[in-house]
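First up is the structure itself, then whatever we jot down about it.
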2 protein chains.
Amino acid sequence: MDLSCKSEYALLALLELADRHSQNEPLQIRQIAAIQSIPDRYLEQLLATLRRSGLVRSQRGAKGGYVLAREPWKITLLEVVESIEGTDSQQVETHRSAKTLEGMVIREAWQEAGDAADAVLQKYTLQDLTEKRNSRQQLDLMYYI
Amino acid sequence: MDLSCKSEYALLALLELADRHSQNEPLQIRQIAAIQSIPDRYLEQLLATLRRSGLVRSQRGAKGGYVLAREPWKITLLEVVESIEGTDSQQVETHRSAKTLEGMVIREAWQEAGDAADAVLQKYTLQDLTEKRNSRQQLDLMYYI
DNA sequence: ATTATATCCCGGTTCTCCACTGGGGTTTGT
DNA sequence: ACAAACCCCAGTGGAGAACCGGGATATAAT
């Protein structure tokens, strides 16, 4: 299971949006990029993809930016990665051995493995990650004292 | 979960070796490549990798070829894919956000997803695949009659 | 209205990896 | 000796990832 740079950037940005979701004033690309040290022109493309997938909404013009389109607990990690990584709905015939019996049993095993991974990514939401981060930050403070 | 061409080729070759594992005369690259329609010079590299991982043994010279190093039910799909795909020993700092709290929780989720996928690939052996293929071939014959 | 501020859209660039090819060299059975 | 196989190293073409840049467009504030 590979975590690509794209997906990580997108998730970091979405976590930032999730943090500020209660006050609903938009957050700009530049700010997110600065906070998370992401190249801003690259992040722009990722946010555009997320917008087309309906995960974020954008406000153009001055004082514009991005906000989550849904509540942080209603956005799963699977949705994010499928939006970003492009869930090529047609994976027909990328391999030539799709029709042989051997190819089919192999592909079925991989399908099952992929489904198992997807199940994990589907059970976690943006909210879950922010909560986990917050509780860990709390722990760091305790050790600091 | 992505099934690369490399892993698929390697598995097809290993399934072929598993088929002929009872009679223990080696099978040549050319034969495997011809049966499964794999570019032979490419398959050569993959088999070399599998040999270095200890999954197959090779016999050089005339009448040489490859045989499974272990019984087909003692080789899991996970071993194969880890051998082929390169168990990249250094994944240290491929991402710069490895030390931030957000980066850590994200990476942990991905770790869990990867583990889930690995568990599936580990429970299947070469034997399992050949048996599944054989039973399905049996089924095809029944429908043919 | 004008301007500053943001997103939007299109393209190019560099880099790495995958799939594949080629040229030899080495081992082994006949 | 000789042919049949594996062995090793090196290169190529295409695709995608990770960027960067130049404008066009929409919007809030003046």
Side-chain angles (χ1 to χ4, degrees), chain A residues 2-13 17 25-34 36-69 81 83-88 91 93-97, chain B residues 2-13 17 25-34 36-53 55-69 81 83-88 90-91 93-97:
Chain A
D2 52 329
L3 172 58
S4 71
C5 204
K6 288 169 76 170
S7 296
E8 185 176 0
Y9 285 163
L11 277 171
L12 289 171
L17 292 182
E25 50 184 16
L27 198 59
Q28 292 99 322
I29 294 177
R30 293 283 175 81
Q31 300 182 21
I32 303 174
Q36 292 291 348
S37 307
I38 301 174
D40 52 355
R41 307 304 261 106
Y42 191 39
L43 180 59
E44 181 186 329
Q45 298 176 14
L46 303 179
L47 284 172
T49 303
L50 294 174
R51 181 180 52 82
R52 293 185 200 103
S53 304
L55 293 176
V56 298
R57 267 182 289 110
S58 67
Q59 168 108 12
R60 303 182 63 169
K63 292 279 186 179
Y66 288 89
V67 290
L68 290 185
V81 68
S83 161
I84 282 298
E85 226 67 39
T87 172
D88 305 42
Q91 66 223 9
E93 297 309 297
T94 61
H95 299 262
R96 82 278 289 122
S97 74
Chain B
D2 52 331
L3 170 58
S4 72
C5 205
K6 288 169 78 169
S7 297
E8 184 176 359
Y9 286 163
L11 277 172
L12 288 171
L17 292 181
E25 48 184 19
L27 198 58
Q28 292 99 319
I29 294 177
R30 295 283 175 81
Q31 299 181 20
I32 303 174
Q36 292 291 348
S37 308
I38 303 173
D40 52 354
R41 309 299 266 107
Y42 191 39
L43 179 58
E44 183 186 327
Q45 299 174 14
L46 303 179
L47 284 171
T49 303
L50 294 174
R51 181 181 53 81
R52 293 187 201 100
S53 304
L55 292 176
V56 299
R57 269 183 287 109
S58 67
Q59 168 106 13
R60 303 181 63 170
K63 291 279 183 180
Y66 288 89
V67 290
L68 290 185
V81 68
S83 161
I84 281 299
E85 226 66 41
T87 169
D88 26 339
Q90 84 297 6
Q91 64 222 14
E93 297 311 296
T94 61
H95 300 262
R96 82 279 289 122
S97 73

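Reminder, nothing fancy here: chain letters follow the sequence lines and each chain counts from 1.
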Candidates C:dC18, D:dA17, D:dC6 - which lies nearest the side chain of A:Y42: D:dA17
With a non-hydrogen cut-off below 4.0 angstrom, is A:R57 in contact with a base, only sugar-phosphate, or nothing? nothing
Could you tell me the separation between the [atom1] atom of [X] and the [atom2] atom of [N], rounded to a whole number of Å?
X     : N      : atom1 : atom2 : answer
A:E85 : D:dA18 : CD    : C1'   : 12 Å
B:L3  : C:dC18 : CG    : P     : 14 Å
B:Q28 : C:dT28 : CD    : P     : 16 Å
B:R41 : C:dG24 : CZ    : P     : 12 Å
A:R30 : C:dC8  : CZ    : P     : 14 Å
A:I84 : D:dA18 : CD1   : P     : 11 Å
B:L47 : C:dC20 : CG    : P     : 15 Å
A:R51 : C:dA6  : CZ    : P     : 18 Å

Can a side chain N or O of B:Y9 be found less than 4.0 Å away from OP1 or OP2 on C:dC20?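 Answer yes for this pair, as a side-chain N or O of B:Y9 is under 4.0 Å from OP1 or OP2.
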Under 4.0 angstrom between A:S58 side-chain N/O and C:dC8 OP1 or OP2: yes
Set out, in order, the CA-CA distance, both residues' side-chain angles and the distance that settles side chain to side chain contact (heavy atoms under 4.5 Å, CB included) for A:L17 and A:I32, then state yes or no. CA-CA 8 Å; A:L17 292 182; A:I32 303 174; 4.1 Å; yes
Below 3.5 Å between N/O atoms, which protein atoms pair up with nucleotides 27-30 of chain D? Just atom names and distances, please.
{"unit_1": "D:dT27", "atom_1": "O2", "unit_2": "A:A62", "atom_2": "N", "d": "3.3"}
{"unit_1": "D:dA28", "atom_1": "OP1", "unit_2": "A:Q59", "atom_2": "NE2", "d": "3.2"}

What pair of heavy atoms forms the shortest contact from A:R51 to A:S58, and how long is it? CD-OG, 3.2 Å
5'-most contact on DNA chain D: B:Q45 or B:I29, nearest heavy atom basis?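 It is B:I29 whose nearest nucleotide is closer to the 5' end.
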So for A:E44 and C:dC8, does any side-chain atom that can act as donor or acceptor lie under 3.5 Å from a complementary atom in the base? yes
Just verifying a value: how many Å separate [X] [atom1] and [Y] [atom2], rounded to the nearest 0.5 Å?
X     : Y     : atom1 : atom2 : result
B:Q31 : B:Y66 : CD    : OH    : 13.0 Å
B:Y9  : B:L46 : OH    : CG    : 9.0 Å
A:D40 : A:Q45 : CG    : CD    : 11.0 Å

Apply side chain to side chain contact (heavy atoms under 4.5 Å, CB included) to A:R52 and A:T49, showing your working. CA-CA 5 Å; A:R52 293 185 200 103; A:T49 303; 4.0 Å; yes
Test log, rule side chain to side chain contact (heavy atoms under 4.5 Å, CB included), inputs A:K6 and A:Y42: CA-CA 9 Å; A:K6 288 169 76 170; A:Y42 191 39; 2.9 Å; yes
